[in-house]
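See below for the structure under consideration.
The shown structure was predicted, so the numbers you read here are calculated from the model rather than taken from an experiment. All heavy atoms count here, side chains included; hydrogens, waters and symmetry mates do not.
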Amino acid sequence: MKVVVDGIPLDLPAGTSGIDAVFAAGRDVPYFCAHSYLSPVGACRMCLVESGSPRKGKDGNFELDESGQPKIFWFPKPMAACTMQATDGMHIRTAKTSDVVAKAQAGMMEFTLLNHPLDCPTCDKGGACELQDRAFEYGYGASRFGFDRRHADKHYPLSDFVILDQERCIHCKRCVRYFEEVPGQEVLDFIERGGHTFIDTEEGGLPTGFQGNITDICPVGALLDNVARFRGRNWEYDHTPTTCTLCPVGCSITADARNGRLERVVARENREVNEVWICDAGRFGHVFASEDRLTVPLVRVDGELRPSDWDGAILAIRRGLTGMNPADLALYLNADSTLEEGAALETLAGLTDTPSVDHWPRYAANVETTATLTDVATADAVIVLGADLGEEAPVLELRVLEMLRGGILPPEFPHGTAIADLRLVERPTRHPERLAVIGGESRLSAHAGMRVSANGHNALARLMRPDTDDLRAAAKLLAEVKKPVLILGADVLNTVTREFTAQLADLVTRTGAKVLPISAGPNSKGLAHLNLVPRAGGLGYDRLEEARAAFISRLDPATHGLPGRARGFTIVHDTHLTATARLADVVLPAVTNYEKRGTTVNLEGRLLPLRQAALSAGEGADLIRTLTALAEALGVRTRIRGLKSAQALLADRLGVDLTDLPESGVIRPLGVTFTAPALPHTPQLWKERMHANPERRGSRVPDRADRIATWQLTGQDGALPVGGDD
């Protein structure tokens with residue numbers, strides 16, 4: 001369709017909103033309530049434009065003006081562009097060409113600021129506040145209203161993670177719509193009306209899981225991240241776009257560091273993976289990256305671990321391994337290590353001929369992935385087998401919920417994702433009959449139309465031979481729909497047998513279902529393509545105590561009830577002094593995944609880049625540099641001594657170029673996988689060290705028990721300060 005914006009002709013797809021037409025023309029219009037992944041509601045009235053359309057006469061032809069062109073009939077008042085659909089032949093005027101629009105927007109800004117506290121000097125949002133920026137661009141520059149502003153609760157905890165400042169809220173309703181439309185939890189809403197309206201939640205605070213996303217989408221400083229609050233201003237942070245490696249989804253994030261500390265993590269848009277949302281663990285669970293870090297090597301002397309330097313540590317390793325065959329040194333690494341680090345470890349194992357190599361966590365078998373996260377969101381049915389998505393892959397849960405509300409993916413324009421997709425509606429109709437959850441109870445179970453309790457080892461068998469009405473309904477659903485997706489979780493993948501593999505292949509052949517197994521670790525899928533499992537005669541991670549000597553990178557078996565050291569010499573490479581590190585002979589400081597460059601592979605098989613944030617890690621080193629030092633102690637020279645040499649090796653080995661991956665990642669076949677028997681793995685998203693200590697960080701808020709004990713709805717006591725709008 002043809003649309004003209006400020007005299008600029010455009011050719012746009014049908015259904016485009018007025019606000020997207022404006023941005024497609026390269027023009028600007030302010031907005032607060034519109035959001036790419038939420039329904040447009042026209043609440044803030046800032047995206048006002050003048051619009052007009054041609055009109056057909058009684059003869060069916062367009063009415064013409066004096067010049068013989070279709071006459072444009074303009075609406076009498078400016079319209080909100082986010083809720084207006086552009087139509088063929090429509091003309092739109094922005095503030096650039098319309099004084100009426102400019103005056104209306106300035107007046108609307110004045111009205112929005114009527115009761116805003118204007119505490120920009122102390123507000124944490126300063127420097128990243130949409131209201132502040134737009135007030136400078138589109139406001140009058142001065143207010144005609146000199147009376148005292150309305151006062152409401154400040155620093156009001158909605159949960160342990162989110163703080164509400166009711167005075168700053170401009171009632172854009174983004175947070176309310178987010179909870180209603182994305183995680184499907186109606187926990188926030190407007191209370192009272194008119195000048196007394198405020199946002200609040202029901203008693204008990206916000207539900208855990210995805211509450212932190214409202215701090216990203218709040219256009220003002222009303223909703224703040226309590227873990228990052230008062231830690232720095234936006235312009236003081238070093239912003240590093242990278243990938244979250246706390247679970248196998250691989251969400252795109254930005255790591256914000258200040259003075260060498262990781263202070264904040266915010267979501268970054270990746271339409272294919274996390275869209276623009278992340279889970280609470282990914283957002284708030286980063287405190288370990290800057291607290292209680294190991295910054296120098298430790299060497300055991302007279303039974304105690306004492307600080308040393310790398311030369312001293314290498315000397316201690318050389319002494320400790322004296323008389324041993326290098327092949328006696330077992331090598332174990334965490335499954336969130338990068339592909340490059342995995343290649344470095346595999347290369348060293350090849351040089352020393354050690355058969356004892358392993359990564360953890362992993363499953364004993366690798367099930368082929370044929371579905372993407374977008375396939376899940378746009379499927380017409382999803383069957384979840386033996387998975388607790390809240391622990392294994394939280395954002396995958398959001399993509400399943402997206403499927404339940406119709407699988408509408410916002411279109412993409414040259415200016416980015418559509419700002420207002422008019423197909424999205426508030427309180428969308430959901431289709432629970434499209435979701436079956438077979439296995440244990442989980443958060444997702446509450447949204448499923450079919451829920452069946454089953455053990456992991458027999459979940460698929462019961463689906464193949466249904467013995468209950470719900471199972472028969474799930475099997476029928478799988479057989480009748482066109483785009484089904486089967487999600488496999490830990491309960492199933494821990495017990496994969498040949499019979500299971502044959503049953504799965506048969507089911508896929510009969511139904512055409514795509515399969516998405518959830519990896520055990522953030523990069524288990526990538527490391528499975530390297531030979532990082534016990535070779536013939538080798539000792540797996542679960543047999544660590546049998547090894548004569550061991551090198552353990554960022555694993556903590558002692559905390560999980562396993563033997564924490566080899567029977568001889570033990571070297572631990574970790575970011576913190578863990579229970580396993582306390583048992584080691586030499587401890588080498590490591591860096592976190594926020595401080596690495598490299599590549600990870602998510603549960604889809606998507607190659608995603610890791611970037612290095614500016615964190616202070618002392619003498620901490622990544623695994624590649626550490627293995628180079630270890631090789632020196634062993635008296636061998638490894639081919640991989642840095643990122644480039646690792647990527648060159650991987651290019652030969654896997655046939656992929658990792659040097660210039662797109663920010664959104666790319667799916668490439670990586671060839672054969674390697675498997676070996678393994679212990680059962682129980683996924684756990686939140687680790688103990690990920691929890692913030694508010695008192696230590698100077699932002700103490702009452703905990704949940706304290707809040708419930710003293711809970712009262714704001715405004716009910718009638719004690720409004722003198723001078724408000726009453």
Side-chain angles (χ1 to χ4, degrees), residues 159-162 182-183 185 206-213 225 227 242-253 255 262 265-267 273-274 277-289 291 334-337 359-363 373 376 384 386-401 437 439-447 456 487-494 516-525 554-556 559-560 575-576 578 592-594 600-604 608 679-693 704:
S159 73
D160 294 337
F161 295 126
V162 178
V182 181
Q185 302 160 326
L206 301 177
T208 56
F210 306 101
Q211 60 175 270
N213 290 313
D225 173 348
V227 176
T242 185
T243 301
C244 180
T245 56
L246 296 180
C247 86
V249 173
C251 296
S252 293
I253 58 170
L262 180 59
V265 169
V266 296
V273 180
N274 56 304
W277 315 117
I278 58 174
C279 69
D280 289 343
R283 181 183 305 278
F284 302 118
H286 58 78
V287 291
F288 68 91
E291 294 188 348
N334 195 303
D336 69 355
S337 304
H359 66 283
W360 182 258
R362 64 176 175 82
Y363 296 121
L373 291 166
V376 173
V384 180
D388 182 350
L389 302 188
E391 294 292 338
E392 299 182 50
V395 167
L396 175 57
E397 182 176 320
L398 292 186
R399 303 309 299 264
V400 174
L401 296 176
V437 175
E441 283 291 316
S442 66
R443 191 169 53 203
L444 187 64
S445 301
H447 299 272
I487 296 174
L488 305 178
D491 285 350
V492 169
L493 297 172
N494 272 322
L516 185 64
I518 303 173
S519 314
N523 195 27
S524 293
K525 193 166 185 60
R554 294 189 306 110
L555 287 168
D556 188 13
T559 296
H560 301 101
T575 56
H576 293 75
T578 62
T592 67
N593 280 8
Y594 299 108
T600 186
V601 182
N602 78 347
L603 75 174
E604 305 168 287
L608 292 160
L679 287 172
H681 167 60
T682 303
Q684 181 190 5
L685 183 63
W686 281 90
K687 311 294 189 300
E688 183 60 33
R689 66 184 183 182
M690 291 165 60
H691 293 278
N693 182 340
R704 186 176 180 131

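Contact detail for P394 and L685: the closest heavy-atom pair is CG-CD2, 3.5 Å. Scanning all heavy atoms of the two residues, the minimum distance from P361 to A520 falls at CG-O, 3.5 Å. The two residues E391 and Q684 have their closest heavy-atom pair at OE1-CA, 3.5 Å. The shortest non-hydrogen separation linking F210 to I278 is CD2-O, 4.0 Å. Of all heavy-atom pairs spanning E397 and G390, the tightest one is OE1-N, 3.7 Å. Shown here for V265 and G282, the closest heavy-atom pair between the two residues is CG1-O, 3.3 Å.
Each of L444, V492, V384 was scored for a side-chain contact (heavy atoms from CB on, under 4.5 Å) with I487, with one residue passing: V384. Between T245 and the choices D336, N593, N334, N523, the side-chain hydrogen bond (donor to acceptor under 3.5 Å, both in side chains) rule is met once, by N593.
By the side-chain hydrogen bond (donor to acceptor under 3.5 Å, both in side chains) test, T242 pairs with no residue at all, sequence neighbours left out. Listed by chain and number, the residues in a side chain to side chain contact (heavy atoms under 4.5 Å, CB included) with P248 are I518, S519, L603 (sequence neighbours excluded). Partners of R362 by salt bridge (Lys or Arg N to Asp or Glu O under 4.0 Å), not counting sequence neighbours, listed by chain and number: D358. Checked against side-chain hydrogen bond (donor to acceptor under 3.5 Å, both in side chains), H576 has the following partners two or more places apart in sequence or in another chain: R689. For D225, there are no salt bridge (Lys or Arg N to Asp or Glu O under 4.0 Å) partners at least two apart in sequence or on another chain. For the side-chain hydrogen bond (donor to acceptor under 3.5 Å, both in side chains) test, no residue two or more places apart in sequence or in another chain qualifies with T243. With sequence neighbours excluded, the residues forming a side chain to side chain contact (heavy atoms under 4.5 Å, CB included) with V395 are V249, C251, N274, listed by chain and number. Scanning for side chain to side chain contact (heavy atoms under 4.5 Å, CB included) contacts around T682 gives an empty result, with sequence neighbours left out. Evaluation of the salt bridge (Lys or Arg N to Asp or Glu O under 4.0 Å) rule for E392 yields no partner, not counting sequence neighbours. Partners of S445 according to the side chain to side chain contact (heavy atoms under 4.5 Å, CB included) rule, which considers only residues two or more places apart in sequence or in another chain, are V437, E441, S442, R451. A search for ring pair (Phe, Tyr, Trp, His ring centres under 6.0 Å) contacts involving F284 returns F161, not counting sequence neighbours.
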Requested in this report: Please assess L396 against L516 for the test side-chain contact (heavy atoms from CB on, under 4.5 Å), listing each intermediate value before the final yes or no.
Outcome: CA-CA 10 Å; L396 175 57; L516 185 64; 3.8 Å; yes

Query raised in the report: Going through the checks in order, is the side-chain contact (heavy atoms from CB on, under 4.5 Å) test met by V287 and H691?
Result: CA-CA 7 Å; V287 291; H691 293 278; over 6 Å; no

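Atom OG1 of residue T208 and atom CH2 of residue W686 lie 9.0 Å apart, to the nearest 0.5 angstrom. One finds the CD atom of E688 at 10.0 Å from the OG1 atom of T559 (value rounded to the nearest 0.5 Å). A distance of 10.0 Å separates CG in D160 from CG in L206, rounded to the nearest 0.5 Å. Going from atom NE2 of H286 over to atom CD of E291 covers 9.5 Å, rounded to the nearest 0.5 Å. Distance check: R399 CZ to L401 CG gives 11.0 Å after rounding to the nearest 0.5 Å. Rounding to the nearest 0.5 Å places CG of N602 at 11.5 Å from SG of C244.
Applying the salt bridge (charged side-chain N to carboxylate O under 4.0 Å, His left out) test to every pair with at least one member in residues 277-286, sequence neighbours left out, gives these pairs: D216-R283.
Counting heavy atoms from C-beta outward, L246 and P522 have side chains that stay 4.5 Å or more apart.
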